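In the text below, chain A, chain B and the rest are named by the order of the sequence lines, each starting its count at 1. These figures come from a predicted structure and were not determined experimentally.
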2 protein chains.
Amino acid sequence: MVTIYDIAKRAGCASSTVSKALNNSNQVSKKRKEEILALAKEMGYVPNSNARLLKTKNSWSIGILFSEDLNIGLEHHFFSGVLQEFKTYVEALGYEVTFVSKKVGAQSLTYLEWCKYKNIDGVLILTVDVDDVNLKELTESGIPIVSVDNGLINVPTVISDNFQGTRMALEYLMLKGAKHIAHISGPLRSFSAVERLEGYKDTLKKSDVEVDENLIVEAYNYDYNSGKNALLQLIKQYKGVPDAIYAASDDIALGAIIALRELGYKVPDDVSVIGFDNIELTRYTSPSLTTVSQNKMMVGTEAAKHLIALINNEKNIAPGIVKRVPVELIIRESTK
Amino acid sequence: MVTIYDIAKRAGCASSTVSKALNNSNQVSKKRKEEILALAKEMGYVPNSNARLLKTKNSWSIGILFSEDLNIGLEHHFFSGVLQEFKTYVEALGYEVTFVSKKVGAQSLTYLEWCKYKNIDGVLILTVDVDDVNLKELTESGIPIVSVDNGLINVPTVISDNFQGTRMALEYLMLKGAKHIAHISGPLRSFSAVERLEGYKDTLKKSDVEVDENLIVEAYNYDYNSGKNALLQLIKQYKGVPDAIYAASDDIALGAIIALRELGYKVPDDVSVIGFDNIELTRYTSPSLTTVSQNKMMVGTEAAKHLIALINNEKNIAPGIVKRVPVELIIRESTK
DNA sequence: TTGTAAGCGTTATCAC
DNA sequence: GTGATAACGCTTACAA
């Protein structure tokens, strides 16, 4: 390994001069600087992050909290898309992106301990078990944190505009003549699920439609099977099929559609169905899915911007929702 | 920040003793050890990775090379699924997972420089521009590297069994009576695309079917639009529609199906179509897609195993394909 | 403009 | 068993 001492020896100067030259300090003559830089290149010098960071403290490193304890893995389009954008944004600024871990070698650490151990500059919380005991410790530690779309109310959060999305979906259905609109909500431990449910009730009330609790079912999860089960539950408790269904995710919507089909109902002829997410393939399903499209790019970028601002102490960012990212209604074949 | 000196002071011993106790050395009395451990906990001591790694060299850290220059982002199910599995596997062993970056603060680095800078133990190459000049430097550096499913022949590679998958797909089509089977290949800069194309030709030859070059089209990319364009090209050069199409990815297959539909052909009545990947939603497309399913979990785990073995110098792993992961033919509605 | 030297928080090598 | 002390490679006062 080539160190600044090796360079200093060859250059016939002190290591501190090399350090200054490498860091482009103006306390070094231009000639020396060029000479040292050339030498560094020739000798294949690469600085050692550990030595550097041991001195300077800040790490240029951002942690991603991404618990796979939940069944939502990286495979989930929304989160992986958000992560992609986030990563691109912060890397361009010179940060590196590391997954927050719970272990180092054989030793177990809490999230906070790991962040301290690594001198992490900030954390993006993507998915996490809200009840995780280690989480509170982290969110209260003072480390810059931004969260995306989950139930952590004590953390600055970037989220899709669930109210706007819900309103657009319902108003469209009503415009098309739907009278009895059901809602299959997401699991209510999720923040977005709660917002979409609230939005559902609000919108109906504002349109002078009475909220019928029998038209509301909570899916156990955001996935396909939960949607299927929820639909069966809906039919059971409502004792029939509504005009339309507003589902809290595309997967739920697709599960519901398949369940409806198996029961002999046609979508959209008998029932209109709207999803939420705009997973790419919903364009190609049968019927293609009308859905509320989340702007993953903007969510990722906004999360990055807010986290960087926090790290740089640029402004005070209060816990709670710091940005509602606009959504869009994509009309396809599953509604009539 | 609590250091071992702080603990030493409180414990009334030397910092080296604290270090030994913390590292569970047997050169320290049981009583002392317990006392120090209790004190460390009470004082909220967390070791400093930079100081530690400055001494010990190995970093317990694995880099993920994931270039977004290609259009294949984290959103691609296959790669994000593989990454998820890989991450889970190596984290359980105590490694942390970091994306390989090209910048540190304001400074640009090559991949290799970054890996040296961070003292990375090993690298998983997920997606990368094969022609990237920085790549060669990295793969020839001697740093442990494993790659997944791409064209880097000079690196130990874990890959789906494209030959087996192709054979199963084609034999199924032939069994069902297809005489003229076209192949929409992936972009041939991709290793898997080449293998699937080779497998196509081999299988036909072994079945005494003459290979008709007009039945082969290369898609510009693995995505939907490339599939659409490739299909139009196919029809043009073949001057008609074949009995069946074997596409190198699900997205290509779906693009082709839509293009066929727009031209008035029915799938599977007029043409059977088989994809590759088994993206989850292909169950719900119309028609649902017959496809070769890749085992993301196993690819991720195998890549992890091989990389760890390389890091630990457990065995000599030759460049080239080190593991072909079995695939499975999933029969659905797009074939008859 | 350059050099000296202290220190960042560990681990590891010796003595004792 | 325990404790000095010297590294690890770098940055940064401060001195020259």
Quiz prompt | Residue closer to the 5' end of DNA chain C, B:Leu54 versus A:Ala14 (nearest nucleotide) | solution =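 Nearest nucleotide further toward 5': that of A:Ala14.
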Quiz item: Closer to the 5' end of DNA chain C via nearest nucleotide, is it A:Thr17 or B:Thr56?
Solution: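 Taking each residue's closest nucleotide, the earlier one in sequence belongs to A:Thr17.
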Rounded to the nearest 0.5 Å, what's the gap from [atom1] on [X] to [atom2] on [Y]? Could you check?
X	Y	atom1	atom2	result
A:Ile143	A:Leu310	CD1	CG	12.0 Å
A:Leu307	A:Ser147	CG	OG	11.0 Å
A:Ser59	A:Asn50	OG	CG	11.5 Å
B:Leu112	B:Glu140	CG	CD	10.5 Å

[X] [atom1] to [N] [atom2], straight-line distance once rounded to whole Å:
X	N	atom1	atom2	value
B:Leu53	D:dG9	CG	C1'	13 Å
B:Arg52	D:dA7	CZ	C1'	17 Å
A:Leu22	D:dG9	CG	C1'	12 Å
A:Lys55	D:dA7	NZ	C1'	16 Å
B:Tyr117	D:dC8	OH	C1'	16 Å
B:Ile4	D:dC8	CD1	P	18 Å

Quiz prompt | Residues touching DNA chain D, which here means a heavy atom under 4.0 Å, drawn from residues 24-36 of chain A | solution =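 Those residues whose heavy atoms fall under 4.0 Å from DNA chain D, taken from residues 24-36 of chain A, amount to none.
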Quiz item: Parallel, tilted or perpendicular for B:Phe99 and A:Phe99, by the 30°/60° rule?
Solution: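 Aromatic pair B:Phe99/A:Phe99 classed tilted.
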Self-check item: Ring geometry between B:Tyr95 and B:Trp60 (parallel below 30°, tilted from 30 to 60°, perpendicular above 60°)
Solution: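 Rings of B:Trp60 and B:Tyr95: tilted, 30 to 60°.
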Self-check item: Nearest listed nucleotide, side chain of A:Thr3, among D:dA13, D:dG3, D:dC10
Solution: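 Output: D:dC10.
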Practice problem: Go through the steps for A:Glu96 and B:Lys118 under the test salt bridge (charged side-chain N to carboxylate O under 4.0 Å, His left out), then give the verdict. | Solution: CA-CA 10 Å; A:Glu96 70 179 46; B:Lys118 295 299 291 184; 3.3 Å; yes
Quiz item: Start at the 5' end of DNA chain D and walk down; is the nucleotide closest to B:Ala51 or to B:Ser16 reached first?
Solution: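 Its nucleotide being nearer the 5' end, the pick is B:Ser16.
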Self-check item: From CA spacing to verdict: salt bridge (charged side-chain N to carboxylate O under 4.0 Å, His left out), A:Glu113, A:Lys102
Solution: CA-CA 9 Å; A:Glu113 283 170 345; A:Lys102 292 174 125 170; over 6 Å; no
Quiz item: Heavy atoms under 4.0 Å, any strand shown: does B:Val46 hit a base, just sugar-phosphate, or nothing?
Solution: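 If one applies the 4.0 Å heavy-atom cut-off, B:Val46 turns out to touch the sugar-phosphate alone, with no base involved.
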Quiz item: At under 4.0 Å between heavy atoms, what does A:Lys20 touch on the DNA or RNA strands: base, sugar-phosphate, or nothing?
Solution: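 Answer is base: heavy atoms of A:Lys20 come under 4.0 Å of a base.
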Quiz item: Any donor-acceptor pair under 3.5 Å between the side chain of A:Tyr5 and the base of D:dC8?
Solution: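 Side chain to base: no pair below 3.5 Å.
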Quiz item: Mind checking which nucleotides bracket the chain A contacts on DNA chain C, 5' to 3', with an atom under 4.0 Å from a heavy atom?
Solution: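 The contact span of chain A on DNA chain C goes from C:dT1 to C:dG9.
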Quiz item: Is A:Asn50 near enough to D:dC8 that one of its side-chain N or O atoms lies under 4.0 angstrom from OP1 or OP2?
Solution: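 Checking D:dC8 against A:Asn50, no side-chain N or O comes under 4.0 Å of OP1 or OP2.
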Quiz prompt | Residue A:Met298 excluded, over 12 heavy atoms near CE under 6.0 Å | solution =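 Yes, the 6.0 Å shell around CE holds more than 12 heavy atoms from other groups.
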